[in-house]
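Reading through the structure tokens given below for one structure.
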Amino acid sequence: MLSIYNSLSNQKEIFKPIHEGKVNMYVCGMTVYDYCHIGHARVMVVFDIIARYLREIGYDVNYIRNITDIDDKIIQRANENGEDFHRLTARFIQAMHEDATALGVLPPSSEPKATESIEDIINLIQKLFDNGYAYHAENGDVYYSVSKFKDYGKLSGKKLEDLRAGERVGVDSYKQDPLDFVLWKTAKPNEPSWESPWGNGRPGWHIECSAMSTCCLGNYFDIHGGGADLQFPHHENEIAQSEGATGEPYVNYWIHNGFVRINEEKMSKSLGNFFTVREVLEKYEPEVVRYFILSSHYRSPLNYSDQHLDNAQHALTRLYTALRGLPVSEESDDDNSYYERFHEAMDDDFNTADALAVLFDLVRDINKIRDEDIKKATLLASELRHLSSILGLLQSDPEQFLQQLGGAIELSADEIDNMIEQRNAARASKHWAEADRIRDELKEKGVTLEDASGTTTWRRG
RNA sequence: GGCUGAGUGGCAGAGUGGCUAUGCAGCGGCCUGCAAAGCCGUUUACAUCGGUUCGAUUCCGGUCUCAGCCUCCA
């Protein structure tokens with residue numbers, strides 16, 4: 001039975017879908033004004049795993065991950081570049097898709113864009129007017145009146161008076177209450193804008209997610225996810241908007257993933273301490289990055305460093321090494337204990353770190369019996385491949401993976417094979433010094449040789 | 001200040017009221033011409049102070065420390 005930690009109740013709850021056999025899930029995606037960093041990669045990978053696992057246990061999953069393609073930062077960046085904002089966002093949407101694909105993230109069922117949802121957004125704001133939650137301020141902006149929504153703060157555990165106590169300077173005088181937030185922003189000259197009953201403008205942050213989620217999944221759906229920093233105010237405001245407009249409950253389970261950190265500090269654009277996905281992929285195989293993300297629980301902080309990536313690479317090497325030389329087989333083993341343990345781990349709030357431990361136990365058993373019972377080893381290997389596929393790991397050819405780790409090398413495969421042949425000739429005539437010289441030379445160039453059962457194989461390392 | 005969450009062995013990171021996590025690194029052994037890979041064995045743990053209990057790293061409370069949110073942020 002799957003249980004999920006729900007940010008709304010701050011505890012694990014047994015997962016029960018609204019419609020039997022079906023899961024509707026919405027995840028806040030990227031605001032596309034720059035390349036994705038590792039923090040974004042974590043969101044994509046974590047919710048990819050969640051969607052994959054929900055499917056694995058038999059749910060029909062409708063997974064929506066939106067793209068916010070209009071906001072202040074996008075406008076600002078487009079202005080800086082002197083380029084049309086649509087061109088800017090198109091570039092970064094493409095880059096995001098490239099990064100996602102590289103990391104083995106399956107495309108969501110649908111990927112709505114804010115700019116293509118303006119009509120829904122306007123309708124939603126109109127409903128908020130009808131229900132008395134919205135007001136049109138003197139400066140032309142439309143605001144949400146937070147004090148009118150009685151449940152405000154239920155997701156983030158905040159009270160209105162506490163929020164007021166911690167209030168910042170720079171209060172917007174057009175708001176009736178400093179905690180009110182903008183639903184529709186009046187356009188300044190030369191800004192992208194759309195017509196609305198409240199004049200030309202654009203959606204505020206928050207409203208687009210209420211509109212897109214409702215549009216794709218209905219008023220009330222199962223899971224809503226995103227980074228922990230979105231819990232407040234973004235998701236809190238979404239609840240206020242959606243429940244205020246529909247009068248129905250909005251979401252059953254809120255899932256928030258933890259941050260990627262650098263030196264014990266949150267990785268973020270404002271702090272400037274981020275690594276983009278593409279930067280990291282210059283140095284590490286995408287699967288290594290994926291493994292790194294899955295090696296800790298999704299709600300825990302994840303400290304980024306080269307050492308940790310190296311560690312992930314070693315671990316992944318061990319997994320692939322066990323698979324090497326064993327044929328891909330569709331047959332499965334009678335022994336279900338690994339499968340059960342794996343599912344127990346994943347059922348417990350998607351405990352990927354624990355699930356990985358099961359994989360390593362499987363690896364040990366494969367290595368133990370592969371020389372005596374190749375058939376049994378093959379069955380276990382297929383089990384390993386299957387369980388790993390749920391995590392989106394180990395789907396490459398092992399030999400190929402082990403040889404391409406760590407980027408380009410100066411030797412071609414032919415050259416390496418040549419040297420291996422020369423070395424084996426030397427070994428055959430017991431010229432150990434020459435054999436070792438060749439092996440050392442290859443080692444220096446990043447190629448490790450392994451003599452096993454009469455043949456010599458090589459890998460990066 | 002308010003609200004969350006966390007403190008586990010050399011590093012990373014799960015978990016549990018009493019029984020081996022797992023990976024990397026270290027040490028010893030087996031295997032090997034020697035290695036590598038692999039297998040076996042093995043060394044450092046549960047922030048701190050109290051409480052509950054036959055027994056707590058695990059439950060409860062206090063203390064300390066760290067991170068996050070309260071402002072754009074995945």
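Because the structure is predicted, anything quoted here is derived from the model rather than measured. Order of the sequence lines fixes the chain letters, A, B, ..., with proteins taken first and strands second; residue numbering starts at 1 for each chain.
- Between B/G50 and B/G5, the two P atoms lie 26 Å apart (nearest whole Å).
- In this structure, A/Phe259 does not count as stacked on the base of B/A67 under the 5.5 Å centre distance and 30° plane angle limits.
- B/C64 and B/U22 have their P atoms separated by 37 Å, with the value rounded to a whole Å.
- Across B/C34, B/A37, B/A74, the shortest atom-to-atom separation from the side chain of A/Thr321 is found for B/A37.
- Defined by atom type and a distance below 3.5 Å, a donor-acceptor pair is present between the side-chain atoms of A/Ser210 and A/Ser242.
- Checking the phosphate oxygens (OP1, OP2) of B/C34, no side-chain nitrogen or oxygen of A/Lys430 falls inside 4.0 Å.
- Side-chain N/O atoms of A/Asn351 include one lying less than 4.0 angstrom from OP1 or OP2 on B/G15.
- Residue A/Ser296 has its side chain nearest to B/A14 when only B/A14, B/C72, B/A37 are considered.
- Taking atom C1' in both B/U42 and B/A6, one finds a spacing of 32 Å when rounded to whole Å.
- When distances run from any side-chain atom of A/Asn10 to the nucleotides B/U4, B/A36, B/G68, the shortest one goes to B/U4.
- OP1 or OP2 of B/A14 sits under 4.0 Å from a side-chain N or O of A/Ser300.
- Helical stems involving RNA chain B, defined as 3 or more consecutive Watson-Crick or G-U pairs under 3.5 Å, span B:1-7 with B:64-70, B:10-12 with B:22-24, B:26-30 with B:38-42, B:47-51 with B:59-63.
- Put simply, CD on A/Glu344 is 18 Å from P on B/A14, counting in whole angstrom units.
- Applying the 4.0 Å criterion to OP1 and OP2 of B/C40, one finds that A/Lys368 has a side-chain N or O inside that range.
- Of all nucleotides listed (B/A36, B/G68, B/G5), B/G5 comes nearest to the side chain of A/Tyr5.
- Nucleotides B/G28 and B/G13, compared at atom C1', are 26 Å apart to the nearest Å.
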Protein and nucleotides 20-24 of chain B: nitrogen or oxygen contacts under 3.5 angstrom:
from  : atom 1 : to       : atom 2 : distance (Å)
B/G23 : OP1    : A/Arg364 : NH2    : 3.3
B/G23 : N2     : A/Asn311 : ND2    : 3.1

